[in-house]
Amino acid sequence: MQNIENILQFHISLAFKTLFAIEIESNQLKLTPTRKEFEGSHTFTCFQFAKQTGKAPDALGNVIGNYLKQNCSEISGFNVVKGFLNIVLTDQYFIHFLKSQAQKATFDFAPNGQKVMVEYSSPNTNKPLHLGHLRNNFLGFSMANILKSTGYEVVKANLINDRGIHICKSMLAYQKFGNNETPQTANLKGDKLVGKYYVEFDKQSKVAKSKLIENGVSEEDAEKQNPLLIEAQEMLLKWEKGDTEVVNLWKKMNSWVYDGFETTYKTIGVAFDKYYYESNTYLLGKEIVEEGIAKGVFYKKEDSSVWIDLTAEGLDHKLVLRSDGTSVYITQDMGTADLKYNEFGCNRSVYVVGNEQDYHFNVLFHILKKLNRPYANGLFHLSYGMVDLPSGKMKSREGTVVDADDLVQEMIDEAQKQTTELGKIDGFKPDEAQKLYYTLGLGALKYFLIKVDPKKRMLFNPAESIDFHGNTGPFIQYTHARVCAIMRKANELKIDYKNTQHIDLQATEREIIALLLECEKVVKQASDEYSPALIANYVYEIAKTYNSFYAAVSIFQEQNQEIVKFRVLLSETVAKYIKYCLNMLGIDAPERM
RNA sequence: GAUCCCAUAGCUCAGCUGGAUAGAGCAACGGUUUUCUAAACCGUAGGUCUAUGGUUCGAAUCCAUAUGGGAUCACCA
């Protein structure tokens, strides 16, 4: 069945052609949802066509409205208010649409033959995951689901930053102060144990630094002369040379961290198809530098450092290789981009990375375009804002981070508290109840982090637990569970709702179906614009409108059996849409709560 | 110094590819349950859309400038 918006646009375009001999492309005719206070579901704005048709907006609306009413069987009527043509669809069309949706096994788009990689999470192995990582993980996982739903073949990748000076800091502190403790002996998750030594390094190096300053060394020199930092740098050199002792320690501590991360990933419900490790990729990209010089994209300075001039793009001159021939970050990112493409051949590639790296990715993408990489035009940086606390930015060294595992547990506990208070788990087995707390706690957390436009920074107040009422995950989950209760009763009563006949609809019923008509467009937009938030806000709209309907009418008390059937069908379809949308966000839709 | 992002109700956010009287949730106040799940629903109140100018039939939305907040740019990662 063809999309109603296209049908309307087609007929409006035809109206312009027939009535005014004006050719307007269908997709130039913008339709907006009709405001609630007017009758209709789609609105066509006439102002912009007043001049070329020589008619006042109101008159134009009437002429087109009449044409549509006579020529388009999906339209039952129209009204014109101050130049806005509000189009009223027939109830038959709404019901027909509902029935067609009820038959669908899935709302996924047909495969489009394109392949996309979504790189997200990408943690450092020197400290545990925190709230900021959760935003990244939920956005990335959700984005992968949305792309998959719109027809892409998706590869979820995690590029783990497992080497570098920050890792050596944890290693050094462990070596000095760790007494060979292990996650088992310390009874700590592996990532937490390693993180503990990262903090310890910072603490000890501050002590060492202030001692130097006491002895008359300047602030700046004390930083450079700090013996702990020097040792860490030496350790990094040893690692690069493959020193057995250092490498073994590195392997041991990283394996602890990976165990810890896997536990967290499993809990928060994210997964990856491919892991990349910087220890394997940090040397990549040098041959691309050579290639770039040969192509004249890069230039070499006298000190043999290599640069790119991006002033024409409004950026700067940017270093791509140091004078000593060693890589910088962007060198390996070029190499990794090639590696990914050679391995998976994705024509699109999404990097879910915080907005502090906006400039970096801007440069990287410009470089890859200049190097004529076949995948260059499909690159996208899904940049997201920081999660701030009321006190400001989270800082791991200052202990002001909200730990991911702790927060998840708090959410589950809060779900348990609220569920128990409401007395909603009668008849639940203990493990079912536990699963529900988990589903609701995670649902609240994920929705909270996803509903905000990714590019905006957002505020999290630890003093106020994340809400379970209003515009929240549990509200939407609740609506789903409500419908499931309806369906259980409908099945009990053996209502043959799939076979619903044509009836007259209520305004609120039309409103719901009009929303469902929007779904495809919203999902497409979320996919094209890389914004899971659009789906979050959309599914909330559905839940809210359905709850309004639910309170306004009675389904099973209704005398007319055809109306009962219709309402059950409407309810079932709403539940399917809610579940579909929530699942794209990585949120489960419970059947009871 | 340069560049980028952000600013909407007391709070948290939608709306931003120009359209009708700027919307939700939370918090506040009032109401709704012998009926399908009240984590809900209905209502009241709450706004100089940071400011000024411009573009036009029409600006929260586009442009310019200013203010405030954040981030980035170094042979750092």
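Computed from heavy atoms alone, side chains included, the values below leave out hydrogens, waters and symmetry copies. Quick note on labels: first sequence line is chain A, next is B, and so on, each numbered from 1.
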Please indicate whether A:K579 has more than 12 foreign heavy atoms, meaning atoms of other residues, nucleotides or ligands, lying under 6.0 Å from its NZ. no
Quick check: A:Y282 with A:W239 (ring centres under 6.0 Å apart)? yes
Calculate the interatomic distance between A:K393 atom NZ and B:rC5 atom C1'; express it in whole Å. 14 Å
5'-most by nearest nucleotide on RNA chain B - A:D467 or A:Q557: A:D467
Expressed in whole Å, how much space separates the C1' atoms belonging to B:rA71 and B:rA28? 37 Å
Taking B:rA77, B:rG19, B:rA20 as options, the one with an atom nearest any side-chain atom of A:T34 is B:rA20
Measuring to OP1 and OP2 of B:rG19, would you say a side-chain N or O of A:R35 lies under 4.0 angstrom away? no
Considering only atom C1', compute the distance from B:rC29 to B:rA45 and round it to an integer number of Å. 8 Å
Non-neighbouring partners of A:S548 that pass side-chain contact (heavy atoms from CB on, under 4.5 Å), sequence neighbours left out: none
A:F47 over B:rG58, stacked by centroid distance under 5.5 Å, angle under 30°: no
Applying a 4.0 Å non-hydrogen cut-off, can you work out what A:Q525 is touching in the nucleic acid: base, sugar-phosphate, or nothing? base
Does A:T43 get its side chain close enough to the base of B:rA20, under 3.5 Å, for a donor-acceptor pair? yes
Whole-angstrom distance between B:rU67 and B:rG25, as gauged at atom P: 38 Å
Grab the NE2-P distance between A:H381 and B:rU72 for me, whole Å please. 12 Å
B:rG25 phosphate, OP1 or OP2, under 4.0 Å from A:H469 side-chain N/O: no
Centroid distance below 5.5 Å plus an interplanar angle below 30 degrees: do A:F468 and B:rA39 meet both conditions? no
Checking all strands, does A:M386 fall into the base, sugar-phosphate, or nothing category for heavy-atom contacts under 4.0 angstrom? nothing
Measure CD/A:E421 against P/B:rU37 and give the value in whole Å, please. 22 Å
Assign A:V80 to base, sugar-phosphate, or nothing according to its heavy-atom contacts below 4.0 angstrom with the strands shown. nothing
Would you say the rings of A:F44 and A:F49 are close, in the sense that their centroids are separated by under 6.0 Å? yes
Closest-nucleotide mapping onto RNA chain B: is A:Y540 or A:L422 further toward the 5' terminus? I mean the 5' end. A:Y540
Whole-angstrom distance between B:rC36 and B:rG43, as gauged at atom P: 23 Å
Using a cut-off of strictly less than 4.0 Å, decide whether A:R482 has a side-chain nitrogen or oxygen near OP1 or OP2 of B:rA38. yes
Touch check for A:E541, heavy atoms < 4.0 angstrom, all strands: base, sugar-phosphate only, or nothing? nothing
Just to be sure I understand the rule, does A:T419 reach a base, reach only the sugar-phosphate, or reach nothing, if contact means heavy atoms closer than 4.0 Å? base
Between the base of B:rU37 and the side chain of A:K424, is there a donor and acceptor pair under 3.5 angstrom? yes
For B:rU12, does OP1 or OP2 lie under 4.0 Å from any side-chain N or O of A:R457? no
Minimum-distance nucleotide to A:K51 side chain [options: B:rC13, B:rC57, B:rA77]: B:rC57
So, do A:F380 and A:F365 have ring centers that fall under 6.0 Å from each other? no
Given the P atoms of B:rC76 and B:rU3, what is the spacing between them in whole Å? 25 Å
For a quick check of understanding: with a heavy-atom distance under 4.0 Å over all strands, which category does A:N362 fall into, base, sugar-phosphate or nothing? nothing
Would the A:F475 and A:Y478 ring centres measure less than 6.0 Å apart? no
Look at all strands and tell whether A:E278 reaches a base, only sugar-phosphate, or nothing, counting heavy atoms closer than 4.0 Å. nothing
If I pick the C1' atom on B:rG46 and the same atom on B:rU61, what distance separates them, to the nearest angstrom? 23 Å
Please convert RNA chain B into dot-bracket. A pair counts if it is Watson-Crick or G-U wobble with both distances under 3.5 Å; crossing pairs go in [ ] and bases paired with another strand get |. (((((((..((((.....[...)))).(((((.......))))).....(((((..]....))))))))))))....
Please determine whether a side-chain nitrogen of the Lys or Arg among A:K498 and A:E572 lies less than 4.0 Å from a carboxylate oxygen of the Asp or Glu. yes
Is the shortest side-chain N/O distance from A:Y478 to OP1 or OP2 of B:rA39 below 4.0 Å? yes
Which part of the nucleic acid, if any, lies within reach of A:N27 when heavy atoms closer than 4.0 Å are counted: base, sugar-phosphate only, or nothing? nothing
When we call it a touch if two heavy atoms are under 4.0 Å apart, what does A:L321 touch: a base, just sugar-phosphate, or nothing? nothing
Is any side-chain N or O of A:T479 under 3.5 Å from a base N or O of B:rA40, one able to act as donor and the other as acceptor? no
From the options B:rC13, B:rU37, B:rC41, select the nucleotide whose nearest atom is closest to the side chain of A:L459. B:rC13
Taking atom types as they are modelled, is there a donor-acceptor pair under 3.5 Å from the base of B:rA74 to the side chain of A:D316? no
So what does A:S548 hit on the nucleic acid, given a heavy-atom distance under 4.0 Å: a base, only sugar-phosphate, or nothing? sugar-phosphate
Reckon A:K30 has a side-chain N or O less than 4.0 Å from the OP1 or OP2 of B:rG18? yes
What interatomic distance, in whole Å, is found between P of B:rU55 and the corresponding atom of B:rA64? 15 Å
Would you say A:K318 places a side-chain N or O within less than 4.0 Å of OP1 or OP2 belonging to B:rA74? yes
Can you identify which nucleotide, out of B:rA77, B:rA14, B:rC41, has its nearest atom closest to the A:D453 side chain? B:rA14
Excluding sequence neighbours, so at least two apart, what forms side-chain contact (heavy atoms from CB on, under 4.5 Å) with A:M386? A:N355, A:E356, A:D388
With a 4.0 Å cut-off, would you call A:K489 and A:E492 a salt bridge? no
Using the six-membered base ring of B:rA20, report whether A:F84 stacks on it, requiring centroids under 5.5 Å and planes under 30° apart. yes
Quick one: is B:rC13 close enough that its OP1 or OP2 comes under 4.0 Å of any side-chain N or O from A:K456? no
Looking only at atom P, what distance separates B:rG15 and B:rA7, rounded to whole Å? 10 Å
